[in-house]
Every structure is written in C-alpha cells, then in structure tokens.
Novice: 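Pasting in a structure now, in structure tokens, and then I'll have a few things to ask.
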Amino acid sequence: MSQEFYSHARLYDLMFPGGGPAVDFYRANADRQGGHVLELGCGTGHKLIPIASDGHPCVGLDFSSDMLAEAQRKANEHGVAVEWMQGDMRAFDLGRAFDFVFITANSLLHLHEAEDLVRCFRSVRRHLAPGGRFVFDVFSPSVRLLAEADGVRRTRESLSFRDPDRGQVRVDVAESYDAPAQVTRGTWYLSTSSEPDFVVAPLEIRSIFPQELPLLVSLGGLRLIERFGDWSGRPFAADTPLQLCICESA
C-alpha cells in the first residue's frame, strides 16, 4: 500500500497542493447527488473538506494514520466537521449507507490484485444507498509511457516545491514497469542542496486497462453507466488522460 510514501503528510501536501478541476468536479457531483458522502483513500482531505464545507455530512476513510491526522488538522483549521476513519478500502463495514461514494487521484490503484479491486467494489456496493452513485478516477494507461519506465532516476521539475523549513525541495523518481503484474514500481527521492535524499520512499501503482475496467466493476456488483476522459466531461477516448467512471448498483 506504499505506506512509507504517505507517512510524510505535510510534505505530500506541499508536493500535491490540490485544488483545480478535480475538486470542482467532485464538489459538483456531491451537490447534484446530495445526502451523505464517503471518500475512500481520502488522504489529507483535498476533496472532502471542500465538499463538507458545502454542508454535506462526510466520512473520510484512509489506511494512513499520518494522512488522517493532517486531514483532521486542516478540517479544524477550516472549521469543518468531517468524520475521519482509519481503514482498508478493500474490506470495511461502517454500518450505514451513503448517497455518494468516491475514490480519486488514482488511490484505487494501490490495490494491485484483481481480487482486491473486486473486494473494494463489493464493499462500496454494500454501502451505497438506493439511487446512490459511486465515482472514481484512474489514469488511462499509455503503453508508450509504461515502456519508458526504465528504472533510471530522473528529476520531476513539475513536482519541485518550497518547504518553509527546508527551502527548495527537488523531487526525483525512478520507475520500472512490471508488465505481468501491471504495476509501475517506483522510488521517490526528496532532496535539498544541504540534505540529499532526506526522504526515500517506494510508490507502486497498478494500471487498469480500459477493457478490463468494466469487468472488474461488474464483478463487484456495480454497473458502469458513464466514463469520461477528463474533468470537463469529454467522452473517454484513446487520447484522453483519465478514466473518470460513474457507477451505480447493478
């Protein structure tokens, strides 16, 4: 589950500050659906805190206690009430139903085995209220980009950030693609000029290819009713970066 990567919640938020069209999309869908909201793999609350600020009763579940602690701090800072819970998205029982359940930012891809993905979908199905919607987004795999994951360490300029305590932080990543497992295995390095590699953390992400995705959803007791290719709602196609999926109970 790449636990080490998510044990640095404050640095994670500096590297991935959130906001933008993804927040707007989930916020609008929560408003449209109404009712109680559950986010799985909620992290530090990038999406859920804005949704809760709109007045929706919200629960956020995550595997990482460090991410949840930062989410609670941020919710307190914004004066927003969210119920944060530590748990495994593959198997959870909250004893209640939700009108809107979502998993965003490729969090679903921490589940590498098909069986685990199906278990997650079945758990979601058990928690969907009548008429409820389940929405998730994962990247659309590019065979060309996967083939370029050659294990060489490279700087990701777009991810560099300024830490108030350390100064400018450089982010390097080395990735290789395990084709039989459909998993990209990476190591992330965070460095400053005076403190090289002060964080070294693995991050392993599965690919879900377009033809297998509806089958996995179906095996989980759900029905894929729409699939968009970006946050504007463009239809999913060969050149779109996302698989943005809208599901309901089968």
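Note that the coordinates shown come from a computational prediction; the quantities given were computed from them, not determined experimentally.
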Novice: How many angstroms lie between OG in Ser142 and CZ in Arg144, if you round to the nearest 0.5 Å?
Specialist: 5.0 Å
Novice: To check you understand the geometry: which heavy-atom pair defines the closest contact between Ser191 and Arg153, and what is its length?
Specialist: OG-NH2, 4.0 Å
Novice: Between Phe102 and Ile51, is any pair of side-chain heavy atoms under 4.5 Å apart?
Specialist: yes
Novice: Output, in order, the C-alpha distance, side-chain angles, deciding distance and verdict of side chain to side chain contact (heavy atoms under 4.5 Å, CB included) for Arg133 and Asn29.
Specialist: CA-CA 9 Å; Arg133 288 287 184 269; Asn29 274 266; over 6 Å; no
Novice: Less than 4.5 Å apart, side chain to side chain, heavy atoms only: is that true for Cys42 and Val59?
Specialist: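 No - every pair of side-chain heavy atoms lies 4.5 Å or more apart.
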Novice: Do the side chain of Arg126 and the main chain of Gly95 share a donor and acceptor less than 3.5 angstrom apart?
Specialist: no
Novice: So, taking the atom named CD1 in Ile208 and the one named NE2 in His112, what distance separates them when rounded to the nearest 0.5 Å?
Specialist: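 Taking CD1 in Ile208 and NE2 in His112, the distance rounds to 10.5 Å.
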Novice: For a 4.5 angstrom cut-off between non-hydrogen side-chain atoms, does Leu244 reach Asp230?
Specialist: no
Novice: Are the side chains of Phe121 and Val217 in touch, meaning some heavy atoms are under 4.5 Å apart?
Specialist: yes
Novice: Minimum heavy-atom separation for Leu224 and Cys247, please, with both atom names.
Specialist: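 Closest heavy-atom pair between Leu224 and Cys247: CD1-SG, 4.0 Å.
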Novice: Would you confirm whether His127, through its side chain, and Leu94, through its main-chain N or O, come within 3.5 Å as a donor-acceptor pair?
Specialist: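 Answer holds: yes.
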Novice: Report yes if some heavy atom in the side chain of Val169 is under 4.5 Å from a heavy atom in the side chain of Val199; otherwise report no.
Specialist: no
Novice: Under 4.0 Å between a side-chain nitrogen and a carboxylate oxygen: does that hold for Asp116 and Arg119?
Specialist: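 Yes, Asp116 and Arg119 are salt-bridged.
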Novice: For the residue pair Phe92 and Leu38, establish whether any side-chain heavy-atom pair is separated by less than 4.5 Å.
Specialist: yes
Novice: If only side-chain N and O atoms count, and only distance matters, is there a donor-acceptor pair under 3.5 Å linking Asp62 with Ser64?
Specialist: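 Side chains of Ser64 and Asp62: no pair found under 3.5 Å.
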Novice: Over all heavy atoms of both residues, which pair between Ala129 and Asp99 is shortest? Give the atoms and the distance, please.
Specialist: CB-OD1, 3.8 Å
Novice: Using modelled atom types only, decide if a donor and an acceptor are shared between the side chain of Arg227 and the backbone of Pro210 within a distance under 3.5 Å.
Specialist: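 Yes, Arg227 side chain to Pro210 backbone: donor-acceptor pair under 3.5 Å.
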Novice: Walk me through whether Asp137 and Phe25 qualify under side chain to side chain contact (heavy atoms under 4.5 Å, CB included).
Specialist: CA-CA 11 Å; Asp137 65 88; Phe25 177 89; over 6 Å; no
Novice: State plainly whether one hydrophobic cluster holds both Phe136 and Leu111, where clusters connect Ile, Leu, Val, Met, Phe, Trp and Tyr through side-chain heavy atoms under 4.5 angstrom apart.
Specialist: yes
Novice: Looking at Phe63 versus His110, is the centre-to-centre ring distance below 6.0 Å?
Specialist: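 Here the rings of His110 and Phe63 have centres that are no less than 6.0 Å from each other.
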Novice: If we ignore hydrogens and angles and just use 3.5 Å, is the side chain of Ser53 paired with the main-chain N or O of Pro50 as donor and acceptor?
Specialist: yes
Novice: Looking at Glu4 and Ala201, what are the two nearest heavy atoms and their distance?
Specialist: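 Taking every non-hydrogen atom into account, CG-CB, 3.7 Å.
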Novice: At what distance, to the nearest 0.5 angstrom, does OG of Ser207 lie from CG of Leu146?
Specialist: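 CG of Leu146 is found 4.5 Å from OG of Ser207.
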Novice: Rounded to the nearest 0.5 Å, what separation is found between the CD atom of Glu175 and the CZ atom of Arg154?
Specialist: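 These two atoms lie 9.5 Å from each other.
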Novice: When hydrophobic residues are tied together by side-chain contacts of less than 4.5 Å, even through go-betweens, does Phe134 share a cluster with Trp231?
Specialist: no
Novice: For the pair Asp165 and Arg10, find out whether any cationic side-chain nitrogen is under 4.0 Å from an anionic carboxylate oxygen.
Specialist: yes
Novice: Give, for atom NE2 of His8 and atom CD of Glu70, the distance between the pair rounded to the nearest 0.5 Å.
Specialist: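 If I round to the nearest 0.5 Å, the distance is 13.5 Å.
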Novice: Could you label the plane-to-plane angle of the His36 and Phe98 rings as parallel, tilted or perpendicular, counting under 30° as parallel and over 60° as perpendicular?
Specialist: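 Ring orientation of His36 relative to Phe98: perpendicular.
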Novice: Do Lys47 and Glu39 sit within salt-bridge range, that is, some charged N less than 4.0 Å from a carboxylate O?
Specialist: no
Novice: Return yes if some donor-acceptor pair links the side-chain N/O of Gln33 with the main-chain N/O of Gly131 below 3.5 Å, else return no.
Specialist: yes
Novice: Parallel, tilted or perpendicular: which describes the rings of Phe5 and Phe16, with under 30° parallel and over 60° perpendicular?
Specialist: tilted
Novice: Minimum heavy-atom separation for Ile49 to Ala71, with atom names?
Specialist: CD1-O, 3.8 Å
Novice: With no hydrogens and no angle check, do the side chains of Arg73 and Asn76 hold a donor and an acceptor under 3.5 Å apart?
Specialist: no
Novice: Are Phe236 and Leu216 joined in one hydrophobic group, where the rule is that I, L, V, M, F, W and Y side chains link up if heavy atoms are under 4.5 Å apart?
Specialist: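 In one cluster: no.
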Novice: What distance do Asp13 atom CG and Phe161 atom CZ have between them, rounded to the nearest 0.5 Å?
Specialist: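 These two atoms lie 10.5 Å from each other.
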Novice: For residues Val171 and Leu159, report the shortest heavy-atom separation together with the two atoms involved.
Specialist: CG2-O, 3.6 Å
Novice: Any side-chain to backbone donor/acceptor pair from Glu212 onto Phe209? Under 3.5 Å, distance only.
Specialist: yes
